[in-house]
Amino acid sequence: MIRMKFLLLVAVLGMSGVVAAETIDDADLPQPSVSECLSDIPYSLPSGGPGWVSECLSDIPYSLPSGGPGWVSECLSDIPYSLPSGGPGWVSEWADSLASAMAPSLISWESNNRSETAMTLPVTVPETDEYRITWMRTNEGVQPYKFMNDLTFAGVPLFVAGIIAKSEKKSFRQNVKDNKHTLVTEFKTEIDNYTQFFGPTLATGLKIAGVEGRSDWGRYLASTAMSYGFMALFVNSIKYTAKEMRPDGSTRNSWPSGHTATAFVGATILHKEYGLTRSPWYSVAGYTVATATGVMRVLNNRHWVSDVLSGAGIGIMSGELAYALSDVIFKGRGLLRGDISGEKSIIDNPSFFSVSMGIGMGSRDMKFNMEHFDFTDDEDKAFNLKFGASTVVGVEGAYFFNKYFGVGGRLRVNSSPVKGWDGIERYAWKDMVEVLAGNASNESQFVQDMVNGYGQPGDPNYSPNLITEAKFTIKSDHLTEFSADLGVYFNLPLSDRFALGSKLLLGRSVMQDIDLNATVEGGRRDVMIDDDTNEMMVTHLPETYISNWDYFTVGANNTMKFGTGLSLTYAYKENYAWKVFLDYDFSRKKYTMTYNPGEFMLDATTMLGLSLREWSSLADFTELSDFDFSETQSVKKDRHTFILGGAFTISF
């Protein structure tokens with residue numbers, strides 16, 4: 001009787017492993033497989049405790065089939081796997097009742113099936129980790145989130161930073177009637193059309209693969225739908241109210257960036273579902289790809305930096321608001337995992353990796369000596385460049401030997417928009433077109449022949465004017481610094497949630513030029529010198545030319561740089577934090593300006609059948625030094641930059 005009760009307890013409680021048969025008298029008795037007996041057992045139990053056992057056994061016959069206990073699977077077909085809560089005390093009562101009913105037949109079956117050798121039989125139980133699609137399953141022990149648990153308000157300063165950075169657009173008025181320039185970039189990619197969906201794609205893929213995240217399918221889909229709903233509402237409401245022109249002049253729906261908002265709301269979903277519950281590196285991957293998406297939107301000339309900053313803020317805010325509302329609507333239902341708990345707080349274990357965004361302030365102007373150009377005061381001011389607040393994006397990390405001291409490094413991009421392109425463009429048009437038109441009235445026959453065309457369109461000897469069309473293209477409207485730094489980091493814990501940080505860094509600074517490009521079309525001229533009079537003679541040619549060159553560029557040399565800064569870290573989770581920082585960077589640069597208003601003449605003019613540009617390629621031809629239309633000016637300047645920003649930080 002005791003042995004039969006033991007076997008029943010093993011079957012009901014789902015014990016796995018191997019059950020060794022005890023020896024009765026001098027032989028071992030093979031037992032039926034528990035998996036056969038319990039193959040059809042359902043999941044739900046009648047409520048009310050073990051009283052239902054007597055009902056279950058009421059129909060069991062006292063005379064059992066002579067074939068052995070195969071009937072047990074039929075008898076137990078309605079007995080579930082999960083037992084009523086309240087302790088296993090009732091199991092012994094149930095086993096006693098069942099054992100009494102089974103005793104006559106089992107004893108008979110034992111006497112006919114004795115074995116001389118002890119046998120060990122495996123007990124097969126269902127796989128508890130088998131993946132099953134469920135809608136609103138809740139795992140035991142997962143604590144419900146509160147509304148404020150999911151709100152960090154990290155998106156608010158990013159959105160405000162975008163509003164502040166909108167001033168950069170005033171320095172460039174796109175497609176204004178009086179302007180004849182456009183802003184383009186040589187960088188072209190469509191990757192950002194796909195990277196914006198990285199976060200939800202990875203999160204959904206993990207769920208399909210059976211990797212449990214924070215939410216079951218029902219709660220996950222509801223939170224995701226609300227996240228994208230809030231994001232679309234905020235973005236489109238602002239887009240079609242503000243009607244900001246895109247930098248490429250295509251449409252008036254630039255601010256804020258929808259691609260960036262989509263990328264950051266997806267990164268926030270991935271962060272909530274798997275970054276907080278599985279590994280912080282899911283969060284790092286999501287926010288890094290989202291940041292890269294925003295940068296590509298700027299490089300693709302589809303958005304201003306202010307659009308990207310505000311879009312990132314809206315994305316984060318939308319995701320956090322949706323998950324906070326899910327906490328209110330669903331409470332504890334549909335939660336599969338809670339937040340992971342690190343062994344140490346990020347405050348006491350400050351080794352970190354972070355993704356940051358910020359606004360740079362500092363050196364705001366750059367003056368060049370243009371006196372020998374005989375510029376007016378207004379024209380001279382046009383070439384004294386002024387810079388707006390810069391946009392700063394970076395990644396940073398450090399390993400700490402203890403909670404106070406560590407070593408690390410930083411990669412950073414600091415992009416400063418040029419203010420006043422309109423003044424440069426207006427003078428460029430005047431310099432090339434109006435000056436030539438003024439020279440056309442010059443009494444010199446040579447100048448008139450060079451500038452003016454010959455005949456009428458359709459005439460056999462027709463030659464157009466020297467300049468029929470001129471277009472200016474700003475290929476790079478930001479003075480951009482790329483830097484890499486290494487150094488020492490310091491941390492001072494203030495409480496369980498807050499810490500002060502500092503650093504001393506040394507690195508290398510590389511600058512990207514700003515560039516105003518010109519494209520000129522017109523009629524070609526052949527120039528020759530009269531041997532008798534030594535005068536220049538012009539012949540109008542029926543062919544035309546197209547000349548493209550850098551009209552105005554400003555660059556800087558690559559130098560060493562020094563950096564330091566202060567930061568305040570707020571650990572809103574044990575191994576996650578938001579950081580506010582104020583950094584200072586210093587470098588001494590030599591800035592070089594090249595002004596080249598007349599290079600089109602190298603393509604517009606020929607001598608003895610070759611253009612002046614072709615002549616300039618000949619190694620033994622040096623007389624073209626007289627046709628160098630460029631002017632170069634350099635100035636040394638200390639570059640001071642203060643950067644105020646925020647960073648998403650994880651510990652490792």
Side-chain angles (χ1 to χ4, degrees), residues 134-159 199-200 203 206-207 211-231 233-234 264-280 282-284 286-287 312-349 493-499 568-580 646-651:
T134 56
W135 185 250
M136 198 63 73
R137 179 166 56 93
T138 304
N139 286 343
E140 294 183 5
V142 181
Q143 296 296 321
Y145 290 83
K146 297 181 180 179
F147 183 82
M148 295 302 296
N149 290 147
D150 280 308
L151 293 177
T152 66
F153 302 100
V156 176
L158 284 174
F159 181 79
L206 289 170
K207 283 194 173 295
V211 181
E212 283 189 349
R214 166 173 168 163
S215 311
D216 202 7
W217 277 104
R219 183 167 180 148
Y220 168 70
L221 293 176
S223 300
T224 299
M226 286 192 291
S227 297
Y228 281 99
F230 288 140
M231 182 272 297
L233 177 64
F234 294 148
F264 272 88
V265 76
T268 302
I269 292 171
L270 180 63
H271 168 64
K272 297 289 187 184
E273 289 293 330
Y274 289 97
L276 291 176
T277 64
R278 286 284 184 176
S279 169
Y282 286 115
S283 303
V284 171
Y287 284 118
I314 289 175
I316 294 175
M317 288 188 294
S318 299
E320 291 189 344
L321 179 59
Y323 271 80
L325 287 179
S326 291
D327 297 336
V328 175
I329 296 172
F330 299 107
K331 302 186 185 306
R333 290 182 297 129
L335 289 177
L336 302 180
R337 294 179 68 91
D339 291 351
I340 55 177
S341 177
E343 295 181 358
K344 297 181 181 179
S345 167
I346 192 173
I347 302 299
D348 296 322
N349 184 38
L494 301 178
S495 68
D496 292 340
R497 294 280 185 179
F498 291 93
L568 177 64
T569 299
Y570 167 65
Y572 79 100
K573 302 286 184 182
E574 286 187 335
N575 26 10
Y576 299 87
W578 291 103
K579 183 181 294 185
V580 177
F648 173 75
T649 303
I650 67 165
S651 66

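Just so you know, these numbers come straight off a predicted model, no measurement behind them. Along the sequence shown, residues carry numbers from 1.
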**OP:** Over all heavy atoms of both residues, which pair between Gly266 and Tyr228 is shortest? Give the atoms and the distance, please.
**Re:** CA-OH, 3.7 Å
Original post:
Does a side-chain heavy-atom distance below 4.5 Å link Ile650 with Tyr282?
Top reply: no
Original post:
If you measure from CE on Met136 to CG on Leu335, what distance do you get to the nearest 0.5 Å?
Top reply: 9.5 Å
Original post:
Is the shortest distance from a Lys or Arg side-chain nitrogen in Asp327 or Arg219 to a carboxylate oxygen in the other one below 4.0 Å?
Top reply: yes
Subject >> Main-chain N/O of Arg214 paired to Arg278 side chain as donor or acceptor, under 3.5 Å >> reply: no
Original post:
So which heavy atom on Thr569 is nearest to which on Ala577, and how close?
Top reply: CG2-CB, 3.5 Å
Original post:
Which heavy atom of Ile347 sits nearest a heavy atom of Pro493, and at what distance?
Top reply: CG2-CB, 3.6 Å
Original post:
Is any side-chain heavy atom of Phe330 less than 4.5 Å from a side-chain heavy atom of Ser215?
Top reply: no
Subject >> Atom pair CG (Leu276) and CG (Leu270), whose distance is rounded to the nearest 0.5 Å >> reply: 10.0 Å
Original post:
Does some side-chain heavy atom of Ile269 sit less than 4.5 Å from a side-chain heavy atom of Tyr220?
Top reply: yes
Subject >> CG (Asp496) with more than 12 external heavy atoms under 6.0 Å >> reply: no
Original post:
How close do Glu212 and Tyr274 get, heavy atom to heavy atom, and via which atoms?
Top reply: O-CE2, 3.6 Å
Original post:
Parallel, tilted or perpendicular for Phe230 and Phe234, by the 30°/60° rule?
Top reply: parallel
Subject >> Considering all heavy atoms, the nearest Thr138-Gly332 contact >> reply: CG2-O, 3.3 Å
**OP:** Quickly, which of Val156, Leu151, Leu158 forms a side chain to side chain contact (heavy atoms under 4.5 Å, CB included) with Met317? Name it, please.
**Re:** Val156
**OP:** State which residues pass ring pair (Phe, Tyr, Trp, His ring centres under 6.0 Å) with Phe648; sequence neighbours excluded, sorted by chain then number.
**Re:** His271, Tyr287, Trp578
Original post:
Between Pro280 and Ile340, is any pair of side-chain heavy atoms under 4.5 Å apart?
Top reply: yes
